[in-house]
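Here is the structure we will look at.
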Number of protein chains: 2
Amino acid sequence: MTDYFASVLSHARFKEDKSAKVDLFKGNHLFAGLNCFEPGQTQPVHTHAAADKFYFLVTGKARMTVGSETREASAGDVVWAPAGVPHGVELALERTVTLVAIGPGL
Amino acid sequence: MTDYFASVLSHARFKEDKSAKVDLFKGNHLFAGLNCFEPGQTQPVHTHAAADKFYFLVTGKARMTVGSETREASAGDVVWAPAGVPHGVELALERTVTLVAIGPGL
């Protein structure tokens with residue numbers, strides 16, 4: 001990784017027991033990282049009170065929840081989770097890599 | 001597009017005369033949208049004084065600049081442009097769709 005350029009998939013990491021997180025970039029206002037899931041892994045529904053977030057599915061497929069919506073998202077989809085709205089990954093249906101943006105950064 | 005889920009490529013738009021911008025989601029803290037380029041199109045180098053930004057190349061290939069680095073980025077790459085650092089797309093080498101995150105949102 002240079003200071004500014006990174007290949008997402010070359011940074012993807014997976015854990016056997018739970019989803020894996022990878023930090024890519026952190027600024028004063030924005031965070032960029034990865035959430036990586038093996039099939040069957042989850043991310044419990046949670047809420048960021050004062051940060052907006054989105055996931056972009058780089059590869060894979062997962063059943064995701066935001067607010068009262070639960071849908072299957074797959075590679076090429078963006079999932080938006082604004083501040084104060086509960087969100088999570090109910091179930092990764094395939095090996096899934098999501099690029100995550102959170103602002104302000106964590 | 002639902003309130004929270006969107007397919008990036010179904011929202012991509014292109015213009016003949018210059019790169020095209022598409023807004024996907026706007027929150028109080030974060031903006032998500034698309035910058036779409038036909039081959040040969042550019043985005044002049046510019047700076048956001050108080051916002052961090054990244055591009056994720058969903059499809060295509062482009063020569064991009066951040067600070068003093070100019071590199072070819074292609075589908076699957078993230079390009080990080082922190083607040084105060086000049087950045088732009090020197091040349092789209094293919095039809096290119098970038099997902100853009102800016103925080104705080106514009």
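In the text below, chain A, chain B and the rest are named by the order of the sequence lines, each starting its count at 1. For the numbers below, each heavy atom of this structure counts, side chains included, while hydrogens, waters and symmetry mates do not.
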Query raised in the report: Okay, side chain of A:H46, backbone of A:P44: is any donor-acceptor separation there less than 3.5 Å?
Result: yes
Report task. Check whether B:V97 gets within reach of chain A through its side chain, its backbone, both or neither, counting any heavy atom under 4.5 Å. Result -> neither
Query raised in the report: chain B heavy atoms under 4.5 Å from A:A83: which part of the residue, side chain, backbone, both or neither?
Result: side chain
Query raised in the report: Under a single-linkage definition using a 4.5 Å side-chain heavy-atom cutoff for Ile, Leu, Val, Met, Phe, Trp and Tyr, are B:F5 and A:V89 assigned to the same hydrophobic cluster?
Result: yes
**Report entry** chain B interface, residue from A:G103, A:A73, A:A75 that has the most non-hydrogen pairs under 4.5 Å
**Finding:** A:G103
Query - Top contributor to chain A interface from B:T59, B:V78, B:D77, B:L57 [non-hydrogen pairs under 4.5 Å] - result: B:V78
Requested in this report: Indicate yes or no for a side-chain donor-acceptor contact from B:H87 to the backbone of B:G67 under 3.5 Å, with no hydrogens or angles considered.
Outcome: no
Query raised in the report: Taking every heavy-atom pair that is under 4.5 Å apart, which of B:A50, B:S74, B:A81, B:P82 has the most such pairs with chain A?
Result: B:A50
Query raised in the report: So which part of B:V58 gets closer than 4.5 Å to some heavy atom of chain A, the side chain, the backbone, both or neither?
Result: side chain
Report task. Verify the ring-centre separation between A:F56 and B:F56: is it less than 6.0 angstrom? Result -> yes
**Report entry** Sidechain N-carboxylate O distance under 4.0 Å for A:R95, A:E38
**Finding:** yes
